[in-house]
Protein chains: 2
Amino acid sequence: MSKAVTNSVSARGPADHEVRDQIVVAATEHFSRYGYEKTTVSDLAKAIGFSKAYIYKFFESKQAIGEMICANCLRQIEAEVRAAVDEADRPPEKLRRMFKAIVEASLRLFFQDRKLYEIAASAATERWQAALAYEERIRKLLQDILQEGRQTGDFERKTPLDETVMAIYLVMRPYLNPLLLQHSFDYTDEAPAQLSGLVLRSLSP
Amino acid sequence: MSKAVTNSVSARGPADHEVRDQIVVAATEHFSRYGYEKTTVSDLAKAIGFSKAYIYKFFESKQAIGEMICANCLRQIEAEVRAAVDEADRPPEKLRRMFKAIVEASLRLFFQDRKLYEIAASAATERWQAALAYEERIRKLLQDILQEGRQTGDFERKTPLDETVMAIYLVMRPYLNPLLLQHSFDYTDEAPAQLSGLVLRSLSP
DNA sequence: ATGGTGACCATAATACATATTGGTCACGTG
DNA sequence: CACGTGACCAATATGTATTATGGTCACCAT
């Protein structure tokens, strides 16, 4: 599963070390089973058979560990979204798939990995690096699709690209951001189709 | 100020009664100064010089009083939005004004009447009648603008009206709903213009 | 009827003492 | 130097005893 990419902010001590991976594995297990709050750093230490102090040789805080797990989780969602986008070959359909996949992946996180979802929600509220980076990557993906659509002639070219990206991003945000998603459950069935429709109409040349 | 329209659900006992108004006035004062939670029903009773029990002759619960105050508050926002819309005469501009006014009015509630804002947020979370009715009225306003735009030829007519209304409503929701607004502060400057732009492009015939 | 209340109850909020927890550091070991 | 830890501290979390609050009801007065 997790090929934990060494993250700048959460790292400390030896970058590539077996124990670091053990910590991540244990944390993933504990956080997703018992939740972030209920898991203590000592629990993780016990799980890997070292002392609590040793953990702090690898991560500078409990939150840093949380960020790592959260980042993995968001990267997985992103991967699913990218996969869905790649299934289509024309930009309009790519956009539709992107929207649909985002909603589906986020909902699955909520319903099947509630505890991890809660971490992601905290990450969004407190603007952890992991959450910001995820947003940025999704935005980039969106931009790529739009750019491609402009080249193929599927999308209009008058509106400044940045503006279009921003606007569509804002449309997607309630379903991307775990915090907002919670308050949009009533609409998750219809929203992807309806909003994709609106967005595509707005993009027609 | 408040010509409190007698609401179906929150009412009880004599519909049009001086004491009912006194309660509403006292509650508006107390709730907006000390907050909904910190205000006790006894406080309201003391403020109007009656016993707590007497208050329950007019409202069936503390929440019912909260709903009344919240409803007034939301009606005021709605009035502002309607006023802003009426200033424009062509549907596209009406839409722009609507979006802008919603954001402005909601932000003002947040920053200048925080305590009332919190009630509105609860109303949204717990789906009080007041909040649902507000949403419905805003939706109706949106529909009216769209319908007018279709008649004047400013807006396209192919997409089913209901679908368009729903989609645009979903676009506005993060700025309408007090709960969501909190998490969209970063975008309240740009969002109205950018999203109005996108929506209007999607409506072009 | 209409106007009005004190006494009462179950539940929720508060306050406070106690125990955990996140985090550090000096210090051992090979 | 790389590996590893127990003892320690401030701050937060938790359990619990107590109080305050929402809400009702029987009852009195006009």
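Letters A, B, ... mirror the listed sequences (proteins, then strands); counts begin at 1.
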**Student:** How many Å lie between NZ on B:Lys57 and P on C:dG4, as a whole number?
**Tutor:** 11 Å

**Student:** Within the pair A:Tyr54 and D:dG4, is there a side-chain N or O less than 4.0 Å away from OP1 or OP2?
**Tutor:** yes

**Student:** Using whole Å, report how far CZ of B:Phe59 lies from P of D:dT21.
**Tutor:** 20 Å

**Student:** For A:Lys62 and C:dT24, what is the distance between atoms NZ and P respectively, to the nearest whole Å?
**Tutor:** 15 Å

**Student:** Just how far, in rounded Å, is C1' of D:dC3 from CD1 of A:Ile55?
**Tutor:** 15 Å

**Student:** Just how far, in rounded Å, is P of D:dT5 from CZ of A:Phe50?
**Tutor:** 6 Å

**Student:** Does the ring of B:Phe59 carry B:Arg20 above it, NZ/CZ under 6.0 angstrom from centre and within 45° of its axis?
**Tutor:** yes

**Student:** Base, sugar-phosphate, or nothing: which does A:Ser51 touch, judged by heavy atoms less than 4.0 Å apart?
**Tutor:** base

**Student:** Between B:Tyr56 and D:dG23, is there a contact of a side-chain N or O with OP1 or OP2 at under 4.0 Å?
**Tutor:** yes

**Student:** Give a yes or no on whether the backbone of A:Phe110 and the side-chain of A:Arg114 come within a donor-acceptor separation of less than 3.5 Å.
**Tutor:** yes

**Student:** Within a 6.0 Å radius of atom CD on B:Glu156, are there more than 12 heavy atoms belonging to other residues, nucleotides or ligands?
**Tutor:** yes

**Student:** Using whole Å, what does the distance between atom C1' of nucleotide C:dT2 and atom CG of B:Asp16 come to?
**Tutor:** 16 Å

**Student:** Can you find an N or O donor on one side and an acceptor on the other, under 3.5 Å apart, linking the side chain of B:Lys52 with the base of D:dG22?
**Tutor:** yes

**Student:** Provide, to the nearest angstrom, the distance between the CD atom belonging to A:Glu60 and the P atom belonging to C:dG22.
**Tutor:** 16 Å

**Student:** Specify the residue among A:Ala53 and A:Asp43 whose closest nucleotide of DNA chain C lies further upstream toward the 5′ end.
**Tutor:** A:Asp43

**Student:** Nearest nucleotide by nearest heavy atom, which residue falls closer to the 5' end of DNA chain D, A:Gly49 or B:Thr40?
**Tutor:** A:Gly49

**Student:** Looking only at side-chain N and O atoms, does A:His17 come under 4.0 Å of OP1 or OP2 in D:dA2?
**Tutor:** no

**Student:** Determine whether the aromatic ring centres of residues B:Phe58 and B:Phe50 are separated by less than 6.0 angstrom.
**Tutor:** no

**Student:** What is the ring orientation for A:Tyr34 with A:His30, classed by angle as parallel under 30°, tilted 30 to 60°, or perpendicular over 60°?
**Tutor:** tilted

**Student:** Mind calculating the distance between NZ (A:Lys38) and C1' (C:dG22) to the nearest angstrom?
**Tutor:** 16 Å

